[in-house]
Amino acid sequence: MTADANVHFHDEMAALERRILGMAEQAEKMVGMAVNSVIHDDPGLADLVIGMDDEIDRVYLTAHHDWTSLMARGQPLGADLRRMTVLLQLNAIFERMGDQCVNIAKIAKANAGLPRVDRVCAVIREMGDLVREMMRSALGAYVREDVDEARLLPTLDEPVDRLNASMYKEAVAVRADPSILEWATRVLMVSRALERLGDQAVDLGEMTAYLVTGERVEFDESGIMLRDA
Amino acid sequence: MTSQTDFDLSVTMTDDAPPQAGSSDGHAIETTDLDIYYGEFKAVEGVSLRVEPRSITAVIGPSGCGKSTFLRTLNRMHEVIPGARVEGRVKLNGRDLYAADVDPVAVRRRVGMVFQRPNPFPTMSIYQNVLAGHRLNSRRLARSEADEIVEKSLRGAHLWEEVKDRLDRPGSSLSGGQQQRLCIARAIAVEPDVLLMDEPCSALDPISTLAIEQLMFDLKETYTIVIVTHNMQQAARVSDRTAFFNVEGPGRPGRLVEVDETDRIFVNPSKQATQDYITGRFG
């Protein structure tokens, strides 16, 4: 049995962490909805995504305020200090994830009614599925404080990067049809947003490694940790 | 027996012996396998610790872990308690403080101490308080030399500007924070190598505490400082290295768990016991 002389601080930190991780769960749902709004030409779904981001922004702002207050009052050290440092960064990462979903949703609205290319839609769907899997895996690794699981994230990110690169070739392939070119050019930005979401999931994995080991690291493509990055 | 000339602390007086930069191997203080006793009770066990010259080392740990006891062995204050003794070794600038021929009074001249509560001599003026160490050493000073020591020491303690026009007033007329700085002035007046501070700010308000902490940054340019503090934020603010002492239970001896760079101790300590202590978890 461990006695906790700092129980109020730890309770508040745990509550703050739950709220911030809730943003990630919300963002993961938003990725799926935003991708569907693009590939199914559904502006209404895109509006829902944009509305959900307002909730993420609200949590981001209140969490930032509460984080500052908790740091001032708790003056944490050691593992508590590391967790608080990580929470501040996660708060920013998840807010940016929400913004990327909004970017995708706005493109869905701009592309409403334009002719689409099924082959490109399939690639976007695959990227969306991969990114959502990465986000779930990154979140699970963080909650379980599992560095080995976090180190797998760059491997999961590799096909996302590859598909993103392939999208440029797809855009060039449809250049002869101006109406499709307009749609495809905007979808390139969707691909780019999904690629960034994958990178942010890797960032979450690196934060997990820091939380557990106390070492600031960058993962390379194979998940090897480059220390003191 | 070693001759007094090999280790004559009593004649290494302040005006002709500037503070030394540490031993040949670079450590101002070095303890090896130090056990500290009160009678038959072993209060501290097996402390091996090196302190770099002109640095601040903080000693932290829960009540009863022996950190203040350890501090008092570094200038042989521990042994003034009847039955108290040490085993192991304490070196100052490479020399054994507990060698048979070493005069404890001379040790305390080289290793000054500042206590938890400011303790200026109440019947002495501010001026006389600063010179108290010299008086105890039976040094006769010319007036001009005394004036110079008083001003230099009070300036060194960041107190001169506040008291220069009332040096004849009793030391006890000063505020708590000023009294503590007066005690620091008194300690540095004899130009020791090392300053030991035993919770020097625990009786002070936050502004006075900051004044002492700012002073410590300046003092470490000249002196080696070891500070015992219950305030982990203070240890984190002021020290270069931090030593964590712990005790496993009542009647058990305190032990040095870990010593490392301060930012390492307070961000990512090596030992679970240190982690538990600085985050408030015990089990």
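Here is how names work: the chains are called A, B, and so on, in the same order as the sequence lines, proteins then strands, and each is numbered from 1.
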What is the minimum heavy-atom distance between Phe266(B) and Leu81(A), and which atoms define it?
O-CD2, 3.9 Å

Apply the test side chain to side chain contact (heavy atoms under 4.5 Å, CB included) to residues Asn268(B) and Arg82(A): give CA-CA distance (whole Å), side-chain angles for both, the deciding distance (0.1 Å), then the verdict.
CA-CA 8 Å; Asn268(B) 192 20; Arg82(A) 297 206 303 275; 3.1 Å; yes

Closest heavy-atom pair, Pro269(B) versus Gly78(A), reported as atoms and distance to 0.1 Å, is CD-CA, 4.4 Å

Those residues of residues 128-154 of chain A that come under 4.5 Å of chain B on a heavy-atom basis, listed by number, are none

With rounding to the nearest 0.5 Å, note down the distance linking CG in Asp276(B) to CG in Asn6(A).
12.0 Å

Just wondering, are more than 12 heavy atoms of other shown residues or ligands nearer than 6.0 Å to NZ in Lys220(B)?
yes

Take atom CZ in Arg19(A); do more than 12 heavy atoms of anything else shown fall under 6.0 Å from it?
yes

Stepwise side chain to side chain contact (heavy atoms under 4.5 Å, CB included) test for Leu77(A) and Gln275(B)
CA-CA 8 Å; Leu77(A) 296 169; Gln275(B) 185 76 265; over 6 Å; no

In this structure, are over 12 heavy atoms from other groups packed under 6.0 Å from Arg155(B) atom CZ?
yes

Would the number of heavy atoms belonging to other residues, nucleotides or ligands and lying under 6.0 Å from NZ of Lys42(B) be above 12?
yes

What part of Thr85(A) is in contact with chain B, defined as an atom under 4.5 angstrom from a non-hydrogen atom: side chain, backbone, both or neither?
neither

Any donor-acceptor pair under 3.5 Å from Gln233(B) side chain to Gln75(A) backbone
yes

Does anything in residues 65-106 of chain A form a ring-ring contact (aromatic ring centres under 6.0 Å, His included)? List the pairs, not counting sequence neighbours.
none

Test item: Arg281(B) and Asp80(A) side chains (from C-beta on) under 4.5 Å apart, heavy atoms:
yes

Greatest number of non-hydrogen atom pairs under 4.5 angstrom with chain A, of Thr279(B), Thr274(B), Ile278(B), falls to Thr279(B)

